[in-house]
Visitor: 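Please find one structure pasted underneath; my questions will follow.
The first residue of the sequence shown is numbered 1, and numbering continues consecutively from there. No experiment lies behind these values; they were computed from the predicted model shown.
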Amino acid sequence: MYGLLAVAVLSASSAVATRLALNGTGRACGTYISDERRAAAEGHFLENKISASAQPTSINLYWHVIAQDSTISGGYLPASQIADSISVMNADYANTSISWVLAGTDYTINSDWFANVGPDSSQQTAMKQALRVGGGNDLNVYTVGFTSGTGVGLLGYSTFPYSYSGAPQDDGVVILFSSVPGGSTTKYNKGRTLTHEAGHWVGLYHTFQDGCIGAGDLVDDTPPEASPAFGCPTGRDTCSGGGVDPIHNYMDYTYDSCMNQFTSGQAKRMADQVLTYRGITI
């Protein structure tokens with residue numbers, strides 16, 4: 001009976017996305033996953049998990065540049081910034097079994113998509129239907145402006161592996177174009193927004209998931225954390241026991257310059273998630 005519930009919930013999960021926004025203190029999360037949906041997803045994962053062997057593998061990444069005009073300030077990213085983004089990704093994932101290969105880049109000038117793409121927006125649906133390529137084992141990255149609509153102020157958002165089967169066309173990562181290395185978004189322009197969102201795409205939750213109680217992020221070697229960390233608060237410890245907060249983890253909310261870690265437990269979870277739901281052998 002639980003398995004049937006899990007399948008029903010997973011098949012309706014197209015709207016599930018992780019969401020990062022900028023506010024007065026830094027990154028802020030607008031993600032919503034209901035308790036029922038998360039329980040179903042994790043129950044389904046436990047029942048169907050295929051344990052990966054942690055052998056190195058590469059994942060193809062397709063980059064879709066959405067711009068309002070042909071200027072860099074209008075979102076028209078140069079090839080050098082895209083290449084730098086892939087280099088940052090590979091450095092950040094170096095202690096996992098995953099590497100990333102840029103398999104294609106395309107450019108679309110569409111001021112409506114650039115401004116108004118956001119979770120569940122009609123612009124997002126049209127953009128992804130027009131541009132998405134590959135299957136569940138390919139990461140599609142879209143760079144936009146997030147200047148209005150449901151995406152206003154965002155740094156990025158991503159789908160999770162388990163939602164692919166129910167909504168394959170929605171799969172992928174959308175990020176703010178100026179968050180790439182050398183971009184204009186101060187303190188968030190070293191490429192870690194893509195690293196973070198790709199972390200969700202391979203199955204990771206935030207390090208502060210559930211706070212000090214509950215199942216947390218379902219990774220044993222990330223200490224519990226009561227709330228997101230902003231800036232780079234070295235020594236912060238918001239939950240008793242388990243160690244200081246993992247403020248350097250890519251799945252927290254600190255400045256790009258503060259992030260430098262995936263744990264071995266996170267590497268194992270991402271390997272099992274992508275093998276189970278994306279058919280990526282690791």
Visitor: Please tell me whether Asn249 and Gln266 have a donor and an acceptor in their side chains that are separated by less than 3.5 angstrom.
Guide: yes
Visitor: Which pairs, with at least one residue in residues 41-112 and sequence neighbours excluded, count as a disulfide bond (SG atoms under 2.5 Å apart)?
Guide: none
Visitor: Counting only heavy atoms not in Lys128, do more than 12 sit closer than 6.0 Å to its NZ atom?
Guide: yes
Visitor: Can you spot which of Leu139, Val173, Val141 makes a side-chain contact (heavy atoms from CB on, under 4.5 Å) with Glu197?
Guide: Val173
Visitor: Quick check: does any side chain N or O of Thr276 sit under 3.5 Å from a backbone N or O of Ile50, one acting as donor and the other as acceptor?
Guide: yes
Visitor: Between Asp171 and Arg278, is the closest basic N to carboxylate O distance under 4.0 Å?
Guide: yes
Visitor: What residues, two or more places apart in sequence or in another chain, satisfy salt bridge (Lys or Arg N to Asp or Glu O under 4.0 Å) together with Lys268?
Guide: Asp272
Visitor: Once side-chain contact (heavy atoms from CB on, under 4.5 Å) is applied, do any residues pair with Ser148, and if so which ones, sequence neighbours excluded?
Guide: Ala115, Asn116
Visitor: Should Tyr255 and Lys190 be marked as a side chain to side chain contact (heavy atoms under 4.5 Å, CB included) after you check the CA-CA gap, both sets of side-chain angles, and the distance that decides it?
Guide: CA-CA 9 Å; Tyr255 292 155; Lys190 294 183 180 295; over 6 Å; no
Visitor: Any side-chain hydrogen bond (donor to acceptor under 3.5 Å, both in side chains) involving residues 85-96? Give me the pairs, sequence neighbours left out, ordered by first then second residue.
Guide: Asp92-Arg192, Asp92-Thr195, Asp92-Tyr250
Visitor: Does Leu46, at its CG atom, have more than 12 non-hydrogen atoms belonging to other residues, nucleotides or ligands within less than 6.0 Å?
Guide: yes
Visitor: Which Ile, Leu, Val, Met, Phe, Trp or Tyr residues join Val88 in one cluster when any pair of side-chain heavy atoms under 4.5 Å counts as a link?
Guide: none
Visitor: Is a side-chain donor-acceptor pair under 3.5 Å present for Thr108 with Asn110?
Guide: no
Visitor: Is the gap between the ring centers of Tyr162 and Phe45 under 6.0 Å?
Guide: no
Visitor: Okay, side chain of His248, backbone of Cys258: is any donor-acceptor separation there less than 3.5 Å?
Guide: yes
Visitor: Give me the other members of the hydrophobic cluster that Tyr62 sits in, counting Ile, Leu, Val, Met, Phe, Trp and Tyr linked by side-chain heavy atoms under 4.5 Å, directly or via other members.
Guide: Val133
Visitor: Go through the structure and list residues passing side-chain contact (heavy atoms from CB on, under 4.5 Å) with Ala126, not counting sequence neighbours.
Guide: Trp113
Visitor: So that I know where these two stand, are Tyr253 and His206 an aromatic pair - ring centroids less than 6.0 Å apart?
Guide: yes
Visitor: Could you check whether any side-chain N or O of Asp221 sits under 3.5 Å from a backbone N or O of Gly265, counting only pairs where one atom can act as donor and the other as acceptor?
Guide: yes
Visitor: List for me each residue that meets side-chain contact (heavy atoms from CB on, under 4.5 Å) alongside Val101, sequence neighbours excluded, and say none if there are none.
Guide: Ser58, Asn60
Visitor: Using every non-hydrogen atom in the two residues, find where Pro161 and Val202 come nearest and quote the distance to one decimal.
Guide: CG-C, 3.6 Å
Visitor: With sequence neighbours left out, which residue pairs that include part of residues 122-203 fulfil the disulfide bond (SG atoms under 2.5 Å apart) condition?
Guide: none
Visitor: Is the distance from the ring center of Phe146 to that of Phe177 below 6.0 Å?
Guide: no
Visitor: Out of curiosity, Asp120 CG to Thr125 OG1, how far, rounded to the nearest 0.5 Å?
Guide: 7.5 Å
Visitor: Would you please name every residue forming a side-chain contact (heavy atoms from CB on, under 4.5 Å) with Gln81, sequence neighbours left out?
Guide: Ile72, Leu77, Pro78, Val180
Visitor: Ring centroids only, cut at 6.0 angstrom: are Phe160 and Tyr277 within range, meaning strictly under it?
Guide: no
Visitor: Kindly give the heavy-atom pair with the smallest separation between Gly203 and Arg269, and that separation in Å.
Guide: O-NE, 2.8 Å
Visitor: List, one per line, each side-chain donor-acceptor pair under 3.5 Å for residues 225-234, sequence neighbours excluded.
Guide:
{"from": "Glu225", "atom 1": "OE1", "to": "Thr207", "atom 2": "OG1", "distance (Å)": "2.8"}
{"from": "Glu225", "atom 1": "OE2", "to": "Arg236", "atom 2": "NH1", "distance (Å)": "3.1"}
{"from": "Ser227", "atom 1": "OG", "to": "Arg236", "atom 2": "NH2", "distance (Å)": "2.7"}

Visitor: How close do Asp252 and Phe208 get, counting heavy atoms only, and between which atoms?
Guide: OD1-CD2, 3.6 Å
Visitor: Quick one: salt bridge (Lys or Arg N to Asp or Glu O under 4.0 Å) partners of Asp138, sequence neighbours excluded?
Guide: none
